[in-house]
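Working notes, structure below.
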There are 2 protein chains.
Amino acid sequence: MLSPRQYKDVICEHFAHVAKALGSAKRIELLDLLSQSPRRVEGLAQLTGMSVANTSQHLQVLRGAALVEADKAGSFVTYRLAGPDVAALLVEIRHVAESRIAEVDRVTRRFLAGREGMERVDQETLVDRIRRGEVTLLDVRPSEEYEAGHIPGAISVPLSELKKRLRTLPKDEVIVAYCRGPYCVLAMEAVGLLSAKGFQAARLEDGVQDWRARGYAVALGGALQRRAARA
Amino acid sequence: MLSPRQYKDVICEHFAHVAKALGSAKRIELLDLLSQSPRRVEGLAQLTGMSVANTSQHLQVLRGAALVEADKAGSFVTYRLAGPDVAALLVEIRHVAESRIAEVDRVTRRFLAGREGMERVDQETLVDRIRRGEVTLLDVRPSEEYEAGHIPGAISVPLSELKKRLRTLPKDEVIVAYCRGPYCVLAMEAVGLLSAKGFQAARLEDGVQDWRARGYAVALGGALQRRAARA
DNA sequence: CCATCATTCAATCGAATGCTTGAATGTCGT
DNA sequence: ACGACATTCAAGCATTCGATTGAATGATGG
């Protein structure tokens with residue numbers, strides 16, 4: 001028979017276990033990447049700059065806390081978030097940290113200060129214009145992430161292909177680029193390139209998960225649908 | 001000049017710092033108590049069963065992560081949550097853990113199995129009836145917690161005083177008791193007592209923070225207002 | 001069946017964490 | 001100013017964690 005004290009201890013231990021899994025910068029980074037799209041171990045290792053063994057180890061901590069799940073196909077293991085609520089939890093932690101820890105904002109400003117043409121735009125009205133379809137919206141992440149979920153109306157133009165596809169973009173309309181979220185540099189670089197080429201470009205700081213957290217829908221799928229839509 | 005990699009590392013380190021502060025059962029317990037009402041170190045130590053020194057140490061970890069704030073009045077230090085978003089974060093972690101970790105549910109069932117008259121009630125319809133004011137709603141936490149925030153319409157009947165005040169409660173109406181949340185035993189014990197005395201009693205599993213997380217208002221203050229309302 | 005590759009396991013080491021104990025700080029009432 | 005009290009600090013100890021290395025597992029392809 002469990003005493004109330006024991007019961008509470010057991011339960012809190014489980015909650016703490018989940019939190020502990022989030023208590024490492026590398027694991028936060030892994031979850032952030034996985035909230036964009038499922039990925040294999042090697043890909044995650046490369047994107048985070050860790051060794052494969054170390055990455056695998058962290059992934060298993062996350063799996064132990066039931067924050068990610070793994071699918072094995074042949075000798076490849078693909079990890080993915082255990083559910084959208086995990087992404088929501090990440091967003092929540094970000095918000096708490098942003099609003100309380102002054103240095104997050106300080107470092108961000110310092111980082112942005114070094115980049116050209118990155119004056120900050122009013123994000124609220126930007127979101128409104130995007131929702132009304134009044135701008136051209138670019139998803140500059142790798143296409144696999146686009147396919148795993150993107151903002152409705154966005155077209156996939158991975159940063160690596162942006163240069164090639166410049167001519168297909170309108171010069172008389174505002175172009176908005178977004179990527180993985182406020183701490184991802186892809187959209188910044190895209191806006192830098194676009195501005196240099198004379199486009200009117202702005203950056204949306206939200207990523208797909210922030211968009212979802214606002215309560216807006218997220219579009220799935222990709223290549224097939226896109227090709228069909230063009231035809 | 002910060003490289004994107006360095007920038008991301010620094011930012012993630014801060015997020016992880018917040019999560020790490022949540023990564024201990026004792027600290028979760030402290031935050032849970034503080035989400036009910038501000039408290040002094042000694043009170044927290046007593047409620048959690050920790051030594052005062054240890055409690056103070058944990059509180060400072062939480063303060064280092066900007067999750068709690070402290071007010072010093074004389075030689076007393078009162079800690080409180082840094083903001084409602086911290087409570088929301090706690091609720092979010094609970095939800096993730098509940099939905100993913102089977103053992104949380106298992107342990108809860110086992111715990112409830114040992115208690116009499118604790119068949120689970122449909123919480124959704126209960127919430128509706130409470131919102132419409134169709135039931136008598138008891139807040140059985142200590143009165144200081146009631147005063148720091150309670151569900152509108154609830155009356156404060158601390159568990160310790162319930163016996164004395166039985167005669168003031170209606171027998172022909174359903175009585176709903178709530179306390180700190182799903183893992184707090186106060187409301188269970190209240191319902192047990194009420195049932196034994198022939199009342200129609202039910203337990204609301206939500207605490208004030210869950211109620212707030214549903215988007216409903218929370219009433220503040222206490223003794224003065226209640227007396228005024230009765231007069 | 002062997003070589004290759006993706007992933008995991010196991011062992012190790014230094015660093016960080018959690019709890020205890022006893023002393024130090026700082027405030028209040030007398 | 002002194003003693004009582006709430007809280008914090010500091011040192012010590014066992015435990016855990018994070019990263020590295022090298023080996024093991026298990027599937028694939030010739």
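So that the names make sense, note that chain A is the first sequence line, chain B the second, and so on, each numbered from 1.
Rounded to an integer number of Å, the gap from B:F76 CZ to D:dC5 C1' is 8 Å. In this structure, A:L30 atom CG and C:dT7 atom C1' are separated by 15 Å, rounded to whole Å. Across the protein-nucleic acid pair, A:R39 atom CZ and C:dA6 atom P stand 16 Å apart, rounded to whole Å. Taking atom CZ on A:R63 and atom C1' on C:dC9, their separation rounds to 13 Å, with Å as the unit. Taking atom NE2 of residue B:H17 and atom C1' of nucleotide D:dG18, one finds them 17 Å apart after rounding to whole Å. Counting to the nearest Å, the P atom of C:dT17 and the CG atom of B:L59 are 17 Å from each other. Nucleotide C:dG18 holds its P atom 15 Å from the CD atom of B:E29, rounded to whole Å. Here the P atom of nucleotide C:dA16 and the NZ atom of A:K26 are 16 Å apart, to the nearest Å.
Nearest to the side chain of A:H58, among D:dT7, C:dT8, D:dA19, sits D:dA19. Set against D:dA6, C:dT8, D:dT8, the side chain of A:S56 has C:dT8 as its closest nucleotide. Comparing D:dT8, D:dA19, D:dA6 by their nearest atom to the side chain of B:R40 picks out D:dA6. For A:E42, taking side-chain heavy atoms from C-beta onward, the closest of the listed nucleotides D:dG18, C:dA6, C:dT8 is C:dA6.
Residue A:Y79 places no side-chain N or O under 4.0 Å from the OP1 or OP2 atom of C:dA6. Close to C:dT7, at under 4.0 Å from its OP1 or OP2, lies no side-chain N or O of A:Q60.
Both A:K20 and B:A70 sit near DNA chain D, but only B:A70 has its closest nucleotide nearer the 5' end. Nearest-nucleotide positions on DNA chain C for A:N54 and B:G23 put A:N54 closer to the 5' end. Taking for each of A:S75 and B:M50 the nucleotide of DNA chain C with the nearest heavy atom, the 5'-most of the two is the partner of A:S75. Between B:K72 and A:G74, the residue whose closest nucleotide on DNA chain D is further toward the 5' end is B:K72.
Within the model, atoms CD of B:E29 and OG1 of B:T48 stand 6.0 Å from one another, a figure rounded to the nearest 0.5 Å. From A:I155, atom CD1 reaches atom CZ of A:R165 across 6.0 Å, with rounding to the nearest 0.5 Å. How far CZ of A:R39 is from CD of A:E144: 4.0 Å, rounded to the nearest 0.5 Å.
Contact annotation for B:R27: backbone-only contact, meaning every heavy-atom pair under 4.0 Å involves sugar-phosphate atoms and none involves a base. Within 4.0 Å of B:Q57, counting heavy atoms only, lies at least one base atom of the nucleic acid.
A donor-acceptor contact closer than 3.5 angstrom is absent between the side chains of B:Y178 and B:D206.
The aromatic rings of A:Y183 and B:Y7 lie tilted to each other, with the angle between the two planes from 30° to 60°.
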